[in-house]
Amino acid sequence: MNDVVVRFAPSPTGFLHIGGIRTALINYIVVQQSKKKDPKSKLLLRIEDTDITRSKDEYKKSILDGLEWMGIEWDEKPHIQSESIDRHKEIAFKLLEKGHAYKCVCTKEELETRRLENQKLRKNIKRLCTKCKNDSATQQLEKDFCIRINIPNDGKISVLDKIQGLVVVENKEIDNFILLRKDGTPTYMLSVVVDDHDMGVNIIIRGDDHLNNIFRQLHIYKSLKWDLPTYAHHPLIHGDDGLKLSKRHGAVDINEFKKKGYLPQAIINNLILLSWSPKKNDENIEIGEIINTFDLEKMSKSSSIFDYNKLNHFNNFYLQKEENYKYFEEFVNENSILKNFFDIDKILMKKLFNTYKKNINFYSELENISKIYYDEEFKTILNNELDDNFNIILNDFMKHLDFIDVWSKDNLKNCINKFLELKKIKFPIFGKPVRIVLTNLKEGPPINDILFILGRKNTFLRLNNYINSANKL
RNA sequence: GACCCCUUCGUCUAUCGGUCAGGACACCAGGUUUUCAUCCUGGAAAGAGGAGUUCGAUUCUCCUAGGGGUCGCCA
């Protein structure tokens with residue numbers, strides 16, 4: 001049996017952010033690699049919804065949608081953690097029965113007091129509840145107790161993590177954490193272990209904010225004599241202030257990336273380059289090649305900062321690829337502004353995109369650009385770059401334009417060049433004002449491209465409107 | 001505060017003791033161009049500090065400093 005079972009286990013208490021996507025992505029890559037060796041390998045998805053007050057269906061949906069959009073496919077249907085609470089309770093009592101756990105009646109207040117006392121004395125005592133374990137009356141209670149794990153005070157425990165290497169911790173550093181709350185519900189620490197075991201998970205890949213949890217969880221595995229999984233704790237992504245990535249670092253929710261017009265490929269490319277790098281010098285790498293070359297054990301242990309500049313670079317690279325045009329259409333269909341324009345004139349939108357794709361980093365940048373070209377009420381804002389000389393030349397130019405039979409980029413370019421040659425004027429003197437007349441912008445694509453995008457009818461409409469308003473002055 | 005992890009250009013990274021410390025993004029300059037952009041060429045830019053091991057340390061060991069993570073009847 002060489003099948004690998006990994007899992008991604010988000011809790012639906014918030015939107016799926018870029019850090020979560022990274023964890024899911026690494027799990028996905030590892031399972032795809034494993035499937036080549038053993039097709040029975042699988043990536044399971046588990047929704048950890050045991051925090052009833054904070055878990056929301058809307059978050060669960062956004063997580064599923066986000067993964068799907070990213071192309072991170074999982075096997076089987078999602079496991080819902082809250083559905084196996086009875087099983088978790090059963091295990092808690094089994095541990096109690098075997099002496100690996102004990103009943104505790106310490107109140108929150110008592111524990112808090114002891115915690116503060118220890119802090120004052122600068123003592124490092126992790127075991128806050130010390131009396132309950134040996135109090136026979138407490139151990140015989142039928143209700144109103146929580147169940148804590150019973151970990152020996154001496155000795156040490158170690159793990160050989162695929163990324164972190166050998167990590168050793170003294171048992172006395174590990175607290176007698178709670179398995180089952182007073183209200184009878186299981187805690188995260190217990191549920192994870194039971195679910196991972198029951199689901200057959202044999203490699204646990206997650207962020208290193210869970211590194212310290214390995215040891216707590218290993219004690220549960222060992223007490224139950226269950227097979228130990230292999231661990232791989234990857235470093236976290238930080239914001240540019242060096243702190244764990246969160247909302248205040250800007251767009252971190254995966255759905256925001258989608259809304260802005262980023263491509264999954266670009267996000268994947270950017271994310272996989274954090275803590276890992278391909279052997280080749282070219283950093284553009286797509287999922288297939290990543291699966292062929294990625295090595296979990298070559299991941300670095302240090303955290304990294306998510307670079308939006310580099311993401312923009314990759315996104316610009318991928319959105320220019322012809323085969324990715326379908327993503328543009330998908331985006332347009334979900335963007336109300338662009339969808340509206342698209343329905344008015346599909347060809348115009350396509351022309352726009354093809355001309356501007358070199359200039360934009362993400363699709364939503366086209367919103368403002370489209371507004372200029374789709375504006376039926378377009379009026380040139382008059383300014384001092386548009387003088388009488390120019391107006392006279394423009395009149396002449398329109399006559400030349402009128403002779404163009406096929407309104408193509410090349411014909412327009414030829415027409416412009418011939419006209420300038422004939423009039424013996426340099427391009428900028430004429431071109432810049434034309435750009436302003438047609439778009440109210442001083443910068444933008446070449447004039448022939450602008451004329452081409454607008455089409456014959458709109459070009460003449462805008463030029464005539466301008467001339468009429470200029471004449472009124 | 002305790003424990004765990006980390007530390008190479010601004011950012012992401014390469015280097016498995018001997019390299020002019022390489023690449024990518026960003027930045028700057030020059031060139032091409034019909035403005036802007038693209039594109040091409042070039043440039044500036046790094047081993048946290050200190051000991052030790054060694055003929056030789058960015059690389060191995062230790063110390064210090066800095067950063068991060070974790071210390072819940074949250075997950």
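Letters A, B, ... mirror the listed sequences (proteins, then strands); counts begin at 1. In what follows, every heavy atom counts, from backbone to side chain, and hydrogens, waters and symmetry copies are set aside.
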| message | Between Lys61(A) and Asp65(A) (salt bridge meaning N to carboxylate O under 4.0 Å), is one present in this structure? | response | yes
| message | Roughly how many Å apart are C63(B) and C6(B), using the P atom of each and rounding to a whole number? | response | 14 Å
| note | Any strand, both distances under 3.5 Å, Watson-Crick or G-U wobble: A44(B) pairs with none
| Rounding to the closest angstrom, what is the interatomic distance between U8(B) and C3(B) at atom P? | 24 Å
| request: Name the pairing partner of C16(B), where a pair is Watson-Crick or G-U wobble with both distances under 3.5 Å, or state none. | output: none
| Nucleic acid contacts of residues 408-423 of chain A, taken as heavy-atom distances under 4.0 Å to RNA chain B | Lys413(A)
| Is Lys423(A) salt-bridged to Asp396(A), going by a charged N under 4.0 Å from an acidic O? | yes
| field | For atom CG of Asn212(A) and atom P of A2(B), their distance in whole Å | value | 15 Å
| message | I'd like to know if Asp295(A) and Lys298(A) make a salt bridge, using a cut-off of under 4.0 Å between side-chain N and carboxylate O. | response | yes
| task | Starting from the C-alpha separation in whole Å, work towards a yes-or-no answer on side chain to side chain contact (heavy atoms under 4.5 Å, CB included) for Lys162(A) and Thr230(A). | result | CA-CA 8 Å; Lys162(A) 276 184 177 293; Thr230(A) 304; 3.6 Å; yes
| Using the C1' atom in both, what is the distance from G17(B) to C12(B), to the nearest Å? | 26 Å
| request: Mind checking Asn213(A) for me? I need base, sugar-phosphate or nothing, with any heavy atom below 4.0 Å counting as a touch. | output: base
| field | Check: Phe317(A) ring centre within less than 6.0 Å of Phe314(A) ring centre | value | no
| request: Classify the nucleic acid contact of Cys129(A) as base, sugar-phosphate or nothing, counting any heavy atom under 4.0 Å across all strands shown. | output: nothing
| query | Counting only heavy atoms not in Asp57(A), do more than 12 sit closer than 6.0 Å to its CG atom? | reply | no
| Distance flag, aromatic centroids of Tyr327(A) and Tyr318(A), threshold under 6.0 Å | no
| note | Ordered by number, residues from residues 52-64 of chain A within less than 4.0 Å of RNA chain B (heavy atoms) are Arg54(A)
| request: Name the closest nucleotide to the Leu243(A) side chain, picking from G68(B), C73(B), C25(B). | output: G68(B)
| RNA chain B contacts made by residues 5-15 of chain A, counting heavy atoms under 4.0 Å | Ser11(A)
| query | Across the strands shown, which category fits Gly431(A) at heavy-atom distances under 4.0 angstrom: base, sugar-phosphate, nothing? | reply | nothing
| said: Can you check the distance between G10(B) and C27(B), where both ends of the measurement are the P atom (answer in whole Å)? | reply: 16 Å
| query | To the nearest angstrom, how far is His234(A) atom NE2 from G69(B) atom P? | reply | 14 Å
| query | Within this structure, what is the CD-to-P distance between Glu443(A) and U38(B), rounded to whole angstrom? | reply | 12 Å
| His197(A) and Leu224(A): side chain to side chain contact (heavy atoms under 4.5 Å, CB included), yes or no, with the steps? | CA-CA 11 Å; His197(A) 170 265; Leu224(A) 293 161; over 6 Å; no
| query | With a 4.0 Å cut-off on heavy atoms, is His233(A) in touch with a base, just the backbone sugar-phosphate, or nothing at all? | reply | nothing
| Euclidean distance for C1', G68(B) against C36(B) (whole angstrom) | 42 Å
| task | Return the residues of residues 354-371 of chain A meeting this criterion: a heavy atom under 4.0 Å from some atom of RNA chain B. Order them by number, or give none. | result | Lys358(A), Asn359(A)
| request: Taking the six-membered ring for Trp and the single ring otherwise, decide whether the centroids of Phe430(A) and Phe397(A) are under 6.0 Å apart. | output: yes
| If pairing requires Watson-Crick or G-U wobble contacts with both distances under 3.5 Å, which nucleotide is the partner of C25(B)? | G10(B)
| message | Any salt bridge linking Lys260(A) with Glu365(A)? Criterion: basic side-chain nitrogen under 4.0 Å from a carboxylate oxygen. | response | no
| Rounded P spacing from G18(B) to A65(B) in Å | 31 Å
| message | Rounding to an integer number of Å, can you tell me how far Ile163(A) CD1 sits from G68(B) P? | response | 21 Å
| field | Strand partner of C3(B), provided both Watson-Crick or wobble distances fall under 3.5 Å | value | G69(B)
| said: Between P on G69(B) and CD1 on Ile214(A), what's the gap in Å once rounded to a whole number? | reply: 18 Å
| Electrostatic pair Lys131(A):Glu110(A) at N-O distance under 4.0 angstrom | yes
| message | Can you check the distance between A26(B) and U11(B), where both ends of the measurement are the C1' atom (answer in whole Å)? | response | 8 Å
| query | If you look at every strand shown and take non-hydrogen atoms under 4.0 Å, does Arg206(A) touch a base, only sugar-phosphate, or nothing? | reply | nothing
| query | Charged N to carboxylate O under 4.0 angstrom, Glu90(A) versus Arg87(A)? | reply | yes
| task | Step through it carefully: locate the ring centre of Tyr221(A), locate the ring centre of His219(A), and say whether they are under 6.0 Å apart. | result | no
| message | If the condition is side-chain contact (heavy atoms from CB on, under 4.5 Å), which residues does Glu97(A) pass it with, not counting sequence neighbours? | response | none
| task | Quick one: label Lys442(A) by what it contacts on the DNA or RNA (base, sugar-phosphate, nothing), any heavy atom closer than 4.0 Å. | result | base
| query | Distance between the P atoms of A45(B) and G67(B), in whole angstroms? | reply | 27 Å
| Tell me: CG of Asn281(A) to P of G23(B), nearest whole Å? | 8 Å
| said: Please report the distance, rounded to the nearest Å, between CZ in Phe177(A) and P in C3(B). | reply: 20 Å
| task | Step through it carefully: locate the ring centre of Trp74(A), locate the ring centre of Phe8(A), and say whether they are under 6.0 Å apart. | result | no
| query | Can Asp154(A) and Lys172(A) be counted as an ion pair, charged N to O under 4.0 angstrom? | reply | no
| said: Using every non-hydrogen atom in the two residues, find where Ala232(A) and Leu296(A) come nearest and quote the distance to one decimal. | reply: CB-CD2, 3.7 Å
| request: For Asn448(A), answer base if it contacts any base atom (sugar-phosphate contacts may also be present), sugar-phosphate if it contacts only those atoms, and nothing otherwise; contact means non-hydrogen atoms under 4.0 Å. | output: base
| task | Take atom CZ of Phe317(A) and atom P of C39(B), then tell me their distance rounded to the nearest Å. | result | 11 Å
| query | Among Phe328(A), Tyr308(A), Tyr262(A), Tyr356(A), which residue meets the ring-ring contact (aromatic ring centres under 6.0 Å, His included) test with Phe362(A)? | reply | Tyr262(A)
| said: Taking pairing as Watson-Crick or G-U wobble with both contacts under 3.5 Å, can you name the mate of C36(B), or confirm there isn't one? | reply: none
| request: Respond yes when some side-chain nitrogen or oxygen of Arg181(A) is under 4.0 Å from OP1 or OP2 of A75(B), and no when none is. | output: yes
| query | In terms of side-chain geometry, is the basic nitrogen of Glu48(A) or Arg7(A) positioned less than 4.0 Å from the acidic oxygen of its partner? | reply | no
| task | For nucleotides 5-17 of chain B, just jot down a letter per nucleotide in 5' to 3' order: B, S or -, based on protein non-hydrogen atoms under 4.0 Å. | result | SSS---BBSS---
| field | Whichever of Pro446(A) and Thr50(A) has its nearest RNA chain B nucleotide further upstream toward 5' | value | Pro446(A)
